[in-house]
Q: 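First the structure, then my questions, so here it is.
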Amino acid sequence: MGNSLEGQRIVVVGGGSGMGLALSEQLLRRRCEVLIVGRSREKIEAARDRLREFGEPLLHQADVTCEAQVQRLFEAAGNVDHLVCTAADVRGAYELLPQLELDALDRALRSKVVAPILLAKHGAQRLSPNGSITLTSGIAAYRPRPKGIAVAAINAALEGVVRALAVELAPLRVNAVSPGWVRTPIWNDVAGADTEQLLASMAERLPVGRVGAADDIADAFLFLMGNGYTTGEILHVEGGHRLV
């Protein structure tokens with residue numbers, strides 16, 4: 001049976017912007033207790049101001065690639081029902097192979113693979129046995145583009161982490177959402193001034209005729225948190241991108 005999530009305590013890592021912010025809004029609308037985690041105090045405080053009409057999220061500043069900070073996060077958070085991670089640092093990771101810098105590769109790997117492992121390591125003991133961990137993969141693992149080798153490899157690795165965690169942490173459920181091209185602020189780092197042209201060209205290719213919105217992805221997170229019979233799965237929300 002589905003879970004309404006109302007009244008549950010949910011940690012959203014990366015909840016200060018993009019998909020995480022959209023999810024935080026949806027959770028507050030459902031009367032959940034939401035703890036937003038982010039590296040930037042300014043960004044998470046701005047998110048709280050934006051979300052106040054729906055509820056009052058709690059805030060915790062942390063770099064979740066640092067194990068000591070992850071430990072302190074869960075000491076502060078206490079017991080929670082669900083953990084979601086949408087955070088990613090892919091600055092400089094979208095480069096052709098000759099230009100790909102090790103620092104950018106390492107930063108992206110730590111944000112999308114190491115951080116989720118640390119969150120699971122220290123968060124699992126705080127989570128309800130009926131709860132869940134939901135991570136964020138991406139279309140690059142299935143439809144890589146030039147300049148996409150780093151993110152393709154990292155998303156594929158993350159999906160292996162999901163399946164392994166689902167087995168090791170059972171009955172706690174572990175899943176991931178794999179978004180396609182979604183209009184979020186991360187594109188400013190990836191494409192800069194070319195963002196609108198790039199998104200428009202992709203919209204023309206997709207069967208649904210548009211790129212995604214943050215709320216499209218938030219809906220997928222809500223399903224995976226609420227469906228108690230789903231674990232070890234990758235939920236694709238990409239407008240049919242894998243078909244074209």
Side-chain angles (χ1 to χ4, degrees), residues 2-89 110-112 114-136 165 169 172-177 179 184-186 214-215 217-228:
N3 188 329
S4 71
L5 302 177
E6 182 174 348
Q8 296 191 23
R9 185 176 176 85
I10 299 166
V11 174
V12 183
V13 179
S17 64
M19 297 178 291
L21 181 62
L23 174 62
S24 297
E25 177 182 326
Q26 295 281 6
L27 292 169
L28 289 169
R29 287 176 180 270
R30 287 163 172 76
R31 298 183 176 85
C32 298
E33 184 176 356
V34 179
L35 173 60
I36 293 176
V37 181
R39 290 182 306 177
S40 167
R41 170 61 62 175
E42 181 181 5
K43 182 179 287 188
I44 60 177
E45 288 181 348
R48 178 175 60 190
D49 293 341
R50 178 173 171 176
L51 293 169
R52 276 205 171 106
E53 65 178 293
F54 311 109
E56 187 77 13
L58 303 172
L59 305 179
H60 187 96
Q61 184 180 8
D63 178 352
V64 294
T65 67
C66 173
E67 185 164 16
Q69 293 190 39
V70 174
Q71 287 179 293
R72 289 196 290 272
L73 162 63
F74 287 105
E75 288 167 1
N79 294 332
V80 298
D81 294 291
H82 302 277
L83 167 65
V84 176
C85 183
T86 66
D89 186 350
R110 291 186 63 81
S111 71
K112 290 210 69 175
V114 175
I117 291 173
L118 292 176
L119 289 165
K121 177 181 177 180
H122 295 284
Q125 59 190 318
R126 301 283 187 173
L127 282 157
S128 163
N130 297 319
S132 69
I133 297 173
T134 311
L135 305 174
T136 308
L165 288 176
L169 299 182
L172 183 67
R173 296 180 297 107
V174 184
N175 298 288
V177 175
T184 65
I186 200 171
D215 279 334
I217 313 306
D219 288 344
F221 282 110
L222 291 170
F223 168 79
L224 290 175
M225 281 188 282
N227 188 287

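Keep in mind that the numbers below use all heavy atoms, side chains included, and drop hydrogens, waters and symmetry copies. Throughout, residue positions are numbered sequentially from 1 according to the sequence presented.
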Q: Taking side chain to side chain contact (heavy atoms under 4.5 Å, CB included) as the test, write out the residues that go with R39, two or more places apart.
A: D63, D89, R91
Q: Of L27, L51, L23, which is the lone residue that meets side chain to side chain contact (heavy atoms under 4.5 Å, CB included) with V34?
A: L27
Q: Could you tell me whether the side chain of T65 reaches within less than 4.5 Å of the side chain of V114, counting heavy atoms only?
A: no
Q: According to side chain to side chain donor-acceptor pair (under 3.5 Å), who are the partners of R30, at least two apart in sequence or on a separate chain?
A: Q26
Q: Do you know which two heavy atoms are closest between P57 and I36, and how far apart they sit?
A: CB-CD1, 3.9 Å
Q: By side chain to side chain contact (heavy atoms under 4.5 Å, CB included), which residues pair with T136, not counting sequence neighbours?
A: M19, T86, P179, F221
Q: Which pair of non-hydrogen atoms, one from L165 and one from A120, has the smallest distance, and what is that distance?
A: CD1-CB, 3.8 Å
Q: Can you measure from CD1 (I44) to CG (L58) and round to the nearest 0.5 angstrom?
A: 10.5 Å
Q: Let me confirm one number: the CG-CD distance from L169 to Q125, rounded to the nearest 0.5 Å.
A: 11.0 Å
Q: Can you tell me how far apart OG (S4) and CE (M225) are? Round to the nearest 0.5 Å.
A: 11.5 Å
Q: Could you go step by step and tell me if R50 and L21 meet the side chain to side chain contact (heavy atoms under 4.5 Å, CB included) rule?
A: CA-CA 9 Å; R50 178 173 171 176; L21 181 62; 3.3 Å; yes
Q: Considering residues at least two apart in sequence or located in another chain, which fulfil the side chain to side chain donor-acceptor pair (under 3.5 Å) criterion with S132?
A: H82
Q: What distance separates E45 CD from S40 OG, expressed to the nearest 0.5 Å?
A: 8.5 Å
Q: Can you find a heavy atom in the side chain of V37 that is under 4.5 Å from one in the side chain of L73?
A: yes
Q: Kindly give the heavy-atom pair with the smallest separation between L119 and F74, and that separation in Å.
A: O-CE1, 3.7 Å
Q: Go through the structure and list residues passing side chain to side chain donor-acceptor pair (under 3.5 Å) with H122, not counting sequence neighbours.
A: E67
Q: Which heavy atom in D215 sits nearest to a heavy atom in A22, and how many Å separate them?
A: OD1-CB, 3.5 Å
Q: Indicate the atoms forming the closest heavy-atom contact of V64 with V70, along with that distance.
A: O-CG2, 3.4 Å
Q: Between R173 (side chain only) and P129 (backbone N and O only), is there a donor and an acceptor less than 3.5 Å apart?
A: no
Q: With heavy-atom distances below 4.5 Å as the criterion, would you say the side chains of V12 and L35 are in contact?
A: no
Q: Dump the intermediate steps for side chain to side chain contact (heavy atoms under 4.5 Å, CB included) on D81 and L127, then the final yes or no.
A: CA-CA 5 Å; D81 294 291; L127 282 157; 5.8 Å; no
Q: Using the side chain to side chain contact (heavy atoms under 4.5 Å, CB included) criterion, which residues pair with N79? Sequence neighbours excluded.
A: R126
Q: Working to the nearest 0.5 Å, report the span between CG of N227 and CG of L222.
A: 12.0 Å
Q: Please examine the side chains of F223 and V177, heavy atoms only from C-beta on, and report whether any two atoms are closer than 4.5 Å.
A: no
Q: Taking the side chain as every heavy atom from C-beta outward, state whether L59 and R41 have any atom pair closer than 4.5 Å.
A: yes
Q: Kindly state each residue pair satisfying salt bridge (Lys or Arg N to Asp or Glu O under 4.0 Å) with at least one member in residues 20-29, sequence neighbours excluded.
A: E25-R29
Q: Might you point out which heavy atoms bring G15 and A47 nearest each other, and give the distance in Å?
A: O-CB, 4.2 Å
Q: My understanding is that only residues two or more places apart in sequence, or in another chain, count here; which of them pass salt bridge (charged side-chain N to carboxylate O under 4.0 Å, His left out) with R31?
A: none
Q: Among all residues two or more places apart in sequence or in another chain, which pass the side chain to side chain contact (heavy atoms under 4.5 Å, CB included) test with R72?
A: A68, Q69, E75
Q: Taking only residues two or more places apart in sequence, or in another chain, which ones meet R9 in a side chain to side chain donor-acceptor pair (under 3.5 Å)?
A: E33
Q: Please report the interatomic distance CD1(I10) to SG(C32), rounded to the nearest 0.5 Å.
A: 4.0 Å
